[in-house]
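Following this message is one structure expressed as structure tokens.
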Amino acid sequence: MAAPVGPVKFWKPGSEGPGVSVSEERQSPAESSAVTVIYNPYASLSIEQQRQKLPVFKLRNHILYLVENYQTLVIIGETGCGKSTQIPQYLAEAGWTAEGRVVGVTQPRRVAAVSVAGRVADERGAVLGHEVGYCIRFDDCTDPQATRIKFLTDGMLVREMMADPLLTRYSVLMLDEAHERTLYTDIAIGLLKKVQKKRGDLRLIVASATLDAEKFRDFFNQNDTGDPSKDTSVILTVEGRTFPVDIFYLQSPVPDYIKSTVETTMKIHQMENDGDILAFLTGQEEVETVVSMLIEQARALARTGMKKHLRVLPMYAGLPSPEQLKVFERVPHTVRKVSCCVSQFLPPSRVSAAQMLHLSEEDFEKLPKSTVPEMQRSNLAPVILQLKALGIDNVLRFPFLSPPPAQSMVQALELLYALGGLDMHCRLTEPLGIRIAEFPLNPMFAKMLLESGNFGCSQEILTIAAMMQIQNIFVIPPNQKIQAARQHRKFAVEEGDHLTMLNVYEAFVKHSKSSQWCQEHFLNYKGLVRASVVREQLKKLLVRFKVPKKSSEGDPDPVLRCIVSGFFANAAKFHSTGAYRTIRDDHELHIHPSSVLYAEKPPRWVVYNEVIQTAKYYMRDVTAVESSWLLELAPHFYQQGTHLSLKAKRAKVDDH
DNA sequence: GAGCACTGC
């Protein structure tokens, strides 16, 4: 009756069927776990030889031909075929970066943008930030004069269009991992379709998995003559990958999967020649446990005379990005790299990773292959505001690849109206709406910052806004939970998370931003440094918008009221049922366990920054408020008659 | 009152 545990991934070059050593042993529970092995047989070759080994190399001229002759090329290729690193270089070599033009490559994730840029700079013998650069939020590593190949997050591309709607500097844009259908990839796709109509010279490469390729091609095809020879978009498939992948499923469950992950990893380390290892775990804490166990065992092994060194690296989102980037660094032949990652194959139904690891092969195969586009399930307020800022007045007629539900459009418009960013005719307001859109933040944060001068607490609000952009300020080592909690309590205040984070930052500054002090207080030093960088950048925007520099001098009231002026729409009331309910739509919510208000007497009224959905709907970053503030600071949103005006507005929206 | 998903601007 025991359900098989899986999946186990096993990569081995040149092998068609099951791999040799590990797979043969996969039926033995003690030696089975979710472990991926990557062999790199080309590590000893020169960079140029390595480039020529990539599957995409054979198609170099064909790709260049298609880019020359079609406005849009949809390219299908698996991870590892080399498309992300090679195609931009082929384009540069073929002249697409002549006369100051730029080839841009977007990635859905920051880490990917930085690491792929690093790899390409390496291959070209360039210093990162010159010929090859990257641009992500709060971190622009490009040279406006010198950069020819630019990697950026898709969100950053959308933001760039606010300054240059036709993206005049770019000759080619490649949207990598487009099949992931992230919110900003989808927006970029819609925007680029519009740009292409005005700029026939702009070339687009959409890199996608097989499933969506035809959808992308048809979306971009401007040929309405019915004659296929006049198509403006085309699909090309890159066959193969550098390292074939085999997936194995365990036959029986593993009693202690942490232990067996460590055992399997060590076995591979001792038995196999070259190759790095990826071990998948279900959470940050497990990653850290496995990392420390592996380090310990590798040390013991080194003492017995094992020549090959094991470099053990943790990899999870809470890690500062320089630490995350270490898993992409190349290591010498004498070293084997083990990256311990959090499993991220979570389906949209939000089954937890732990559950996932205990599914049978049959059940695993039943899970949906492609996820619901983010556009279908997101808060669209930031999107709509940005589209408006890009001059797209009728957002309902925007060419969405998958149009979002009308209801979420209406909600977003209502919120933006309530924030004062849009007027009654759904037009961007001047100057507030334009300013809100300028901030690289959720509109509620932007509104809060812009109001902070009026509340006489811009200093405090700047800190709070910056701190809220950083995750995991409180460090909780699994073996020192009690000590960490004791230190963290020193900063906690009954008002909630916002003022607690203000306290943390102010104490950090008071102690001269000392890393030693952070360590003693179980605080994320790098995170706090990042918060101060973010704070400086946000401060520049406030200076530009002439928001007066003021402090409430320790008085919490103005600060709390200012938070409400931005986050009034995210208000919830505690009910006798023992849960919170949103004021807006009576939706049940709970305080997230990471909040300082968790396990405290629940305040009657709260506002929160965001909701995350796991087992339940949790509010993250929560602060207690007075209900009277909601009425006072957002009368248009909460007073009687609101529903009527919303209905009227809805009717107006539906008219478009 | 009950115990923690990730990414992006």
Side-chain angles (χ1 to χ4, degrees), chain A residues 106-113 135-140 152-162 177 180-188 281-287 315-319 321 324 341-356 371 374-375 377-379 381-383 385-387 389-390 436-446 465 468-469 471-472 474 476 478 481 485 534 537-538 541 572 574-581 588-595 597-603 606 610-620:
Chain A
T106 72
Q107 296 287 338
R109 279 169 299 280
R110 298 161 55 95
V111 170
C135 187
I136 60 180
R137 183 170 69 150
F138 299 128
D139 186 6
D140 181 358
L152 66 170
T153 45
D154 42 26
M156 207 62 214
L157 180 74
V158 174
R159 193 146 278 277
E160 278 191 9
M161 294 178 85
M162 282 168 60
E177 314 286 0
E180 287 195 21
R181 304 295 306 276
T182 67
L183 193 61
Y184 283 104
T185 308
D186 270 21
I187 297 166
L281 292 309
T282 54
Q284 178 176 329
E285 194 171 328
E286 288 174 4
V287 167
M315 175 69 186
Y316 48 85
L319 225 52
S321 44
Q324 291 187 24
C341 319
V342 178
S343 311
Q344 284 185 333
F345 40 95
L346 298 179
S349 54
R350 295 165 199 280
V351 179
S352 77
Q355 278 172 286
M356 284 283 300
T371 55
E374 213 181 341
M375 189 70 77
R377 53 186 165 86
S378 288
N379 164 22
V383 173
L385 190 74
Q386 259 182 308
L387 291 179
L390 285 161
I436 292 175
E438 287 272 326
F439 279 88
L441 300 171
N442 182 301
M444 298 189 193
F445 275 110
M468 293 300 161
Q469 310 311 314
Q471 263 142 40
N472 308 310
F474 286 149
I476 307 169
K481 281 184 183 170
V534 171
Q537 302 202 19
L538 296 176
L541 281 164
F574 190 68
H575 278 248
S576 51
T577 55
Y580 282 89
R581 292 193 158 274
E588 183 175 307
L589 294 175
H590 299 265
I591 291 179
H592 194 275
S594 64
S595 169
L597 292 177
Y598 188 80
E600 298 296 323
K601 184 177 179 293
V606 292
E610 60 173 354
V611 174
I612 55 162
Q613 184 195 353
T614 51
K616 288 178 181 166
Y617 288 90
Y618 287 106
M619 298 178 273
R620 206 145 62 173

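Values reported hereafter were calculated over all heavy atoms of this structure, with side chains retained and with hydrogens, waters and symmetry mates removed. Below, chain A is the first sequence line, B the second, and so on; all start at residue 1.
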Quick one: label A:Tyr598 by what it contacts on the DNA or RNA (base, sugar-phosphate, nothing), any heavy atom closer than 4.0 Å.
->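 Base, at least one base atom sits under 4.0 Å.
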Using the test side-chain hydrogen bond (donor to acceptor under 3.5 Å, both in side chains), find all partners of A:Tyr580 that sit at least two apart in sequence or belong to another chain.
->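 A:Tyr580: no side-chain hydrogen bond (donor to acceptor under 3.5 Å, both in side chains) contacts found.
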B:dC9 P sits how many Å from A:Met161 CE, rounded?
->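 The answer, rounded to whole Å, is 16 Å.
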Atom-pair distance (CZ on A:Arg620; C1' on B:dG3), nearest Å =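 Result: 15 Å.
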Contact class for A:Ile136 (heavy atom, under 4.0 Å): base, sugar-phosphate, or nothing?
->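 Sugar-phosphate, backbone atoms only, no base.
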So what does A:Pro602 hit on the nucleic acid, given a heavy-atom distance under 4.0 Å: a base, only sugar-phosphate, or nothing?
->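 Base, at least one base atom sits under 4.0 Å.
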Quick one: label A:Leu441 by what it contacts on the DNA or RNA (base, sugar-phosphate, nothing), any heavy atom closer than 4.0 Å.
->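 Since a base atom lies under 4.0 Å of A:Leu441, the category is base.
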Take atom CE of A:Met468 and atom C1' of B:dC9, then tell me their distance rounded to the nearest Å.
->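 After rounding, the reported distance stands at 18 Å.
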Can you tell me the distance, in whole Å, between the CG atom of A:Leu589 and the C1' atom of B:dA2?
->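 The distance from CG of A:Leu589 to C1' of B:dA2 comes to 15 Å, rounded to the nearest Å.
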Between A:Leu597 (CG) and B:dG3 (C1'), how many Å, whole number?
->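 Atom-to-atom, A:Leu597 to B:dG3, this comes out as 15 Å.
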At under 4.0 Å, does any side-chain N or O of A:Arg137 touch on OP1 or OP2 of B:dT7?
->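 For B:dT7, OP1/OP2 do not have a side-chain N/O of A:Arg137 under 4.0 Å.
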Closest contact, heavy atoms only, A:Met156 versus A:Arg137 =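 The answer is SD-N, 3.8 Å.
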Between A:Gln613 and B:dC6, does any side-chain N or O lie under 4.0 Å from OP1 or OP2?
->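 No, A:Gln613 has no side-chain N/O under 4.0 Å of OP1/OP2 on B:dC6.
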May I ask you to say what A:Ala599 touches in the nucleic acid, namely base, sugar-phosphate or nothing, with a heavy-atom cut-off under 4.0 Å?
->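 The residue A:Ala599 makes base contact.
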Under the ring-ring contact (aromatic ring centres under 6.0 Å, His included) test, residues paired with A:Tyr617 that sit two or more places apart =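 Partners of A:Tyr617 by the ring-ring contact (aromatic ring centres under 6.0 Å, His included) criterion, ordered by chain and then number, come out as A:His587.
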If you pin A:Lys601 and A:Tyr184 to their nearest nucleotides in DNA chain B, which one's is more 5'?
->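 Closest to the 5' end, via its nearest nucleotide, is A:Lys601.
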Apply the test side chain to side chain contact (heavy atoms under 4.5 Å, CB included) to residues A:Leu538 and A:Leu441: give CA-CA distance (whole Å), side-chain angles for both, the deciding distance (0.1 Å), then the verdict.
-> CA-CA 10 Å; A:Leu538 296 176; A:Leu441 300 171; 3.7 Å; yes
What integer distance in Å separates A:Asp186:CG from B:dT7:C1'?
->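 Going from CG in A:Asp186 over to C1' in B:dT7 covers 14 Å.
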Would you classify A:Thr153 as touching base, sugar-phosphate or nothing, given that sugar-phosphate means primed atoms plus P, OP1 and OP2, and contacts are heavy atoms under 4.0 Å?
->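 It contacts sugar-phosphate atoms only.
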Any idea which of B:dC9, B:dA2, B:dG8 is nearest the A:Arg109 side chain?
->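 From the listed options, B:dG8 comes nearest.
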Base, sugar-phosphate, or nothing: which does A:Arg159 touch, judged by heavy atoms less than 4.0 Å apart?
->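 The answer is sugar-phosphate, as A:Arg159 gets under 4.0 Å only of primed atoms, P, OP1 or OP2.
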Rounded distance (Å) that lies between atom C1' of B:dG8 and atom CZ of A:Phe138 |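 Taking CZ of A:Phe138 and C1' of B:dG8, I get 11 Å after rounding.
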A:Leu541 to A:Phe439 - nearest heavy-atom pair and separation |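 It is CD1-CD2, 3.7 Å.
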Identify which nucleotide among B:dT7, B:dG8, B:dG3 has an atom closest to any side-chain atom of A:Glu374, counting heavy atoms from C-beta outward.
->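 Taking heavy atoms from C-beta onward, the closest nucleotide is B:dT7.
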Atom-pair distance (OH on A:Tyr618; C1' on B:dA2), nearest Å |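 The answer, rounded to whole Å, is 7 Å.
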